[in-house]
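Heads up, the thing below is written out as structure tokens.
Counting from 1, the numbers follow the sequence of the chain as shown.
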Amino acid sequence: MGPLHIRNTDTDEINTMPTSAIPTVDLSPFFTAGDDESCRKKCKDLIAEACSDYGFFQIVNHGVPLDLINQAMELSKTFFNYNDEVKRECSSSPDSPLPAGYNKQPDHSPDKNEYLLMFPPESPFNVLPTNPPDFRKILEEMFKYFVTTCEILEAIINDCLGLPPNFLKEYNNDRSWDFMVTMRYLPATESENNGITEHEDGNLITIVLQEDIGGLEVCKDGEWIPVIPSKGTLVVNLSDVIQVLSNKKFKSATHRVVRPKGRHRHSYVFFYNLQGDKWVEPLPNFSSAIGVKPKYRGFYYKDYQALRMRNKTHPPSTPEEIIRIAHYEI
């Protein structure tokens with residue numbers, strides 16, 4: 001992978017980033033009216049390269065207001081500072097079909113975090129907090145902005161893959177399965193610092209907002225690369241569905257979270273998801289139509305998600321037993 005060139009929107013100059021950095025892409029051409037096709041093409045080329053090499057990139061000028069981001073992060077910190085009894089007031093009931101609301105990882109889990117999960121604002125499954133004041137409203141606003149940004153990213157990825165216009169939009173046309181979590185990680189101890197064990201996401205596109213202390217790392221060629229936070233920047237990672245549809249042309253990024261010592265770590269994560277009854281398999285564009293064997297057998301998305309959920313409810317005894325997308329490899 002060669003040096004990455006990023007457009008500076010203030011000077012219109014092209015800046016070169018070191019190859020060790022996670023690529024950063026300016027999405028402003030997709031939010032401005034008029035003929036800016038050359039800038040859009042540069043963005044698409046950068047994203048296509050990042051999706052092939054990393055499955056991970058960062059975005060600026062992404063449409064989510066900075067004031068909203070700052071407010072969302074501060075309100076999340078306030079919420080998680082409440083005692084457990086108060087936080088559990090917005091936990092879902094044990095018989096709820098979906099784990100919305102507040103949850104905390106059990107003590108035996110290797111992942112050391114607590115989180116608040118929500119589905120689209122209109123979902124009947126949501127259990128959102130009434131305190132701190134305005135937190136619910138801010139959560140709902142963040143959710144809507146993340147959806148819009150993911151729709152733009154989905155269209156860009158569609159073009160990067162050379163798919164027919166709106167193919168992914170029509171394939172992934174049910175937004176009721178999207179969800180967002182705001183998370184707090186415990187400070188690292190002297191003996192361990194795992195926040196979330198290395199994994200790939202099972203959906204299509206994930207957006208991460210991390211605070212200034214970092215902790216998110218992506219694996220490339222066996223090396224763990226820290227994703228350095230920058231004010232107003234969002235992290236994007238491709239997920240398993242895109243890897244399968246593209247027959248591994250684009251990568252689903254392996255990543256993890258490392259907890260810092262001496263303080264909590266906060267983040268927001270948005271999962272642009274797929275409806276459970278969708279069939280997922282390599283598209284002919286990347287397999288039979290070009291004389292390439294499919295690298296995966298097909299599956300229903302809900303079946304794969306059920307296997308991934310079992311990883312959490314019945315943790316395997318060894319890492320090799322964890323169900324990942326490789327389960328469907330041919």
*Please identify each residue that fulfils side-chain hydrogen bond (donor to acceptor under 3.5 Å, both in side chains) with Lys169, with sequence neighbours left out.*
none
_Tyr301 versus Gln275, side-chain donor and acceptor atoms under 3.5 Å_ = no
*Same hydrophobic cluster for Met118 and Trp177, using side-chain heavy-atom links shorter than 4.5 Å among ILVMFWY?*
no
*Listed once per pair and sorted, the side-chain hydrogen bond (donor to acceptor under 3.5 Å, both in side chains) pairs that draw on residues 120-136, sequence neighbours left out*: Arg136-Glu140
*Remaining members of Trp279's ILVMFWY cluster at a side-chain heavy-atom cut-off under 4.5 Å?*
Tyr300
*Under the side-chain hydrogen bond (donor to acceptor under 3.5 Å, both in side chains) test, which residues partner Asn247, sequence neighbours left out?*
none
*Step through the shown structure and confirm whether more than 12 heavy atoms of other residues, nucleotides or ligands are within 6.0 Å of CD on Glu85.*
no
*State plainly whether the residues Glu141 and Lys144 are in salt-bridge range, i.e. N to O under 4.0 Å.*
no
*Between Leu163 and Leu283, is any pair of side-chain heavy atoms under 4.5 Å apart?*
yes
*Evaluate the side-chain proximity of Lys278 to Val241: yes if any heavy-atom separation is below 4.5 Å, no if none is.*
no
*Residues two or more places apart in sequence or in another chain: which of them pass side-chain hydrogen bond (donor to acceptor under 3.5 Å, both in side chains) with Ser176?*
Asp174
*Mind running side-chain contact (heavy atoms from CB on, under 4.5 Å) on Met180 and Phe146 for me, showing each step along the way?*
CA-CA 9 Å; Met180 180 179 79; Phe146 280 149; 3.7 Å; yes
*Can you find a heavy atom in the side chain of Leu139 that is under 4.5 Å from one in the side chain of Tyr268?*
yes
*Hey, do the aromatic rings of His255 and Phe56 have their centres closer than 6.0 Å?*
yes
_Quick check: is Val244 connected to Phe167 through a chain of hydrophobic side chains (ILVMFWY, heavy atoms under 4.5 Å apart)?_
yes
*Sequence neighbours left out, what pairs pass side-chain hydrogen bond (donor to acceptor under 3.5 Å, both in side chains) with at least one residue falling in residues 286-298?*
Gln243-Tyr296
*Roughly how far, to the nearest 0.5 Å, is OG1 of Thr254 from CG of Asp201?*
10.0 Å
*asked:* Using a 3.5 Å distance criterion without hydrogens, assess whether the side chain of Ser92 forms a donor-acceptor pair with backbone atoms of Ala100.
replied: yes
_Given the ring of Tyr272, does Arg175 sit roughly above its face, with NZ or CZ under 6.0 Å from the centre of the six-membered ring and within 45° of the axis?_
yes
_To the nearest 0.5 Å, what is the distance between CD on Gln58 and CG on Leu216?_
8.5 Å
*List, by chain and number, the other hydrophobic cluster members for Leu186, where Ile, Leu, Val, Met, Phe, Trp and Tyr join if side-chain heavy atoms come within less than 4.5 Å, directly or indirectly.*
none
_Selection residues 206-227 - residue pairs positive for ring pair (Phe, Tyr, Trp, His ring centres under 6.0 Å), sequence neighbours left out_ = none
_Do Glu217 and Glu198 make a side-chain contact, defined as non-hydrogen atoms from C-beta onward lying under 4.5 Å apart?_
no
_Tell me whether Glu192 is salt-bridged to Lys112, with the criterion being a basic N under 4.0 Å from an acidic carboxylate O._
no
*If a pair satisfies salt bridge (Lys or Arg N to Asp or Glu O under 4.0 Å) and one of its residues is in residues 224-240, list it, with sequence neighbours excluded.*
Asp240-Arg308
*Working to the nearest 0.5 Å, report the span between CG of Leu274 and CD1 of Ile205.*
11.5 Å
*Going through the checks in order, is the side-chain hydrogen bond (donor to acceptor under 3.5 Å, both in side chains) test met by Asn61 and Asp26?*
CA-CA 6 Å; Asn61 296 320; Asp26 179 358; 2.9 Å; yes
*Straight-line distance of Lys302 NZ to Leu307 CG, nearest 0.5 Å*: 13.0 Å
*State, to 0.1 Å, how close Ser267 and Val269 come at their nearest heavy-atom pair, and which atoms those are.*
OG-CG2, 4.2 Å
Let me check something: any side-chain donor-acceptor pairs from residues 323-330 under 3.5 Å, sequence neighbours excluded? List them with distances.
{"residue": "Arg324", "atom": "NE", "partner": "Glu200", "partner atom": "OE1", "Å": "3.0"}
{"residue": "Arg324", "atom": "NH2", "partner": "Glu200", "partner atom": "OE2", "Å": "3.0"}
{"residue": "Glu329", "atom": "OE2", "partner": "Lys248", "partner atom": "NZ", "Å": "2.9"}

*Evaluate the side-chain proximity of Ser52 to Lys251: yes if any heavy-atom separation is below 4.5 Å, no if none is.*
no
*Would you call Asp84 and Lys87 a salt bridge, using N to O less than 4.0 angstrom?*
yes
*Is the side chain of Asn273 donor-acceptor paired with the backbone N or O of Asn203 at a distance under 3.5 Å, no angle test?*
no
*asked:* Tell me whether Asn158 contacts the main-chain N or O of Leu168 through its side chain, where contact means a donor paired with an acceptor under 3.5 Å.
replied: yes
_All pairs passing side-chain hydrogen bond (donor to acceptor under 3.5 Å, both in side chains) where residues 65-75 contributes a residue, at least two apart_ = none
*Are Val64 and Met142 close enough, and set up right, to give a side-chain contact (heavy atoms from CB on, under 4.5 Å), and what steps lead you there?*
CA-CA 8 Å; Val64 186; Met142 288 286 287; 4.2 Å; yes
*CA sep, side-chain torsions, deciding dist, call: Leu153, Phe57, side-chain contact (heavy atoms from CB on, under 4.5 Å)*: CA-CA 11 Å; Leu153 290 167; Phe57 56 98; 4.1 Å; yes
*Where the side chain of Arg259 meets the backbone of Gly195, is there a donor-acceptor pair that is under 3.5 Å apart?*
no
*Is it the case that one hydrophobic cluster holds both Leu117 and Val127, taking links as side-chain heavy atoms less than 4.5 Å apart, direct or via other members?*
no
*Between Asp111 and Thr197, is any side-chain donor less than 3.5 angstrom from a side-chain acceptor?*
yes
*So do Phe135 and Cys90 actually touch side chain to side chain, heavy atoms under 4.5 Å?*
no
*Does anything in residues 153-162 pair up under salt bridge (Lys or Arg N to Asp or Glu O under 4.0 Å), and if so which pairs, sequence neighbours excluded?*
Lys44-Asp159
*Please answer: with hydrophobic residues joined when any side-chain heavy atoms are less than 4.5 Å apart, are Val60 and Ile157 in the same cluster?*
no
_Residue pair Gln210, Val257: steps toward the side-chain contact (heavy atoms from CB on, under 4.5 Å) verdict_ = CA-CA 11 Å; Gln210 57 174 346; Val257 173; over 6 Å; no
_Hydrophobic cluster identity match, Val258 and Tyr185, side-chain contacts under 4.5 Å_ = no
*Rounded to the nearest 0.5 Å, what's the gap from OG1 on Thr182 to OH on Tyr102? Could you check?*
11.5 Å
*From His62 NE2 over to Ile207 CD1, what is the distance, rounded to the nearest 0.5 angstrom?*
8.5 Å
_Asp221 side chain reached by Glu223 side chain, heavy atoms, under 4.5 Å_ = no
*Ser239 versus Thr206, closest heavy-atom pair with distance*: OG-OG1, 3.4 Å
*Evaluate side-chain hydrogen bond (donor to acceptor under 3.5 Å, both in side chains) for Asn81 paired with Arg184, printing each intermediate quantity in order.*
CA-CA 10 Å; Asn81 277 334; Arg184 182 171 80 163; 3.2 Å; yes
*When the ring planes of Phe143 and Phe270 are compared, do they come out parallel, tilted or perpendicular, using 30° and 60° as the limits?*
perpendicular
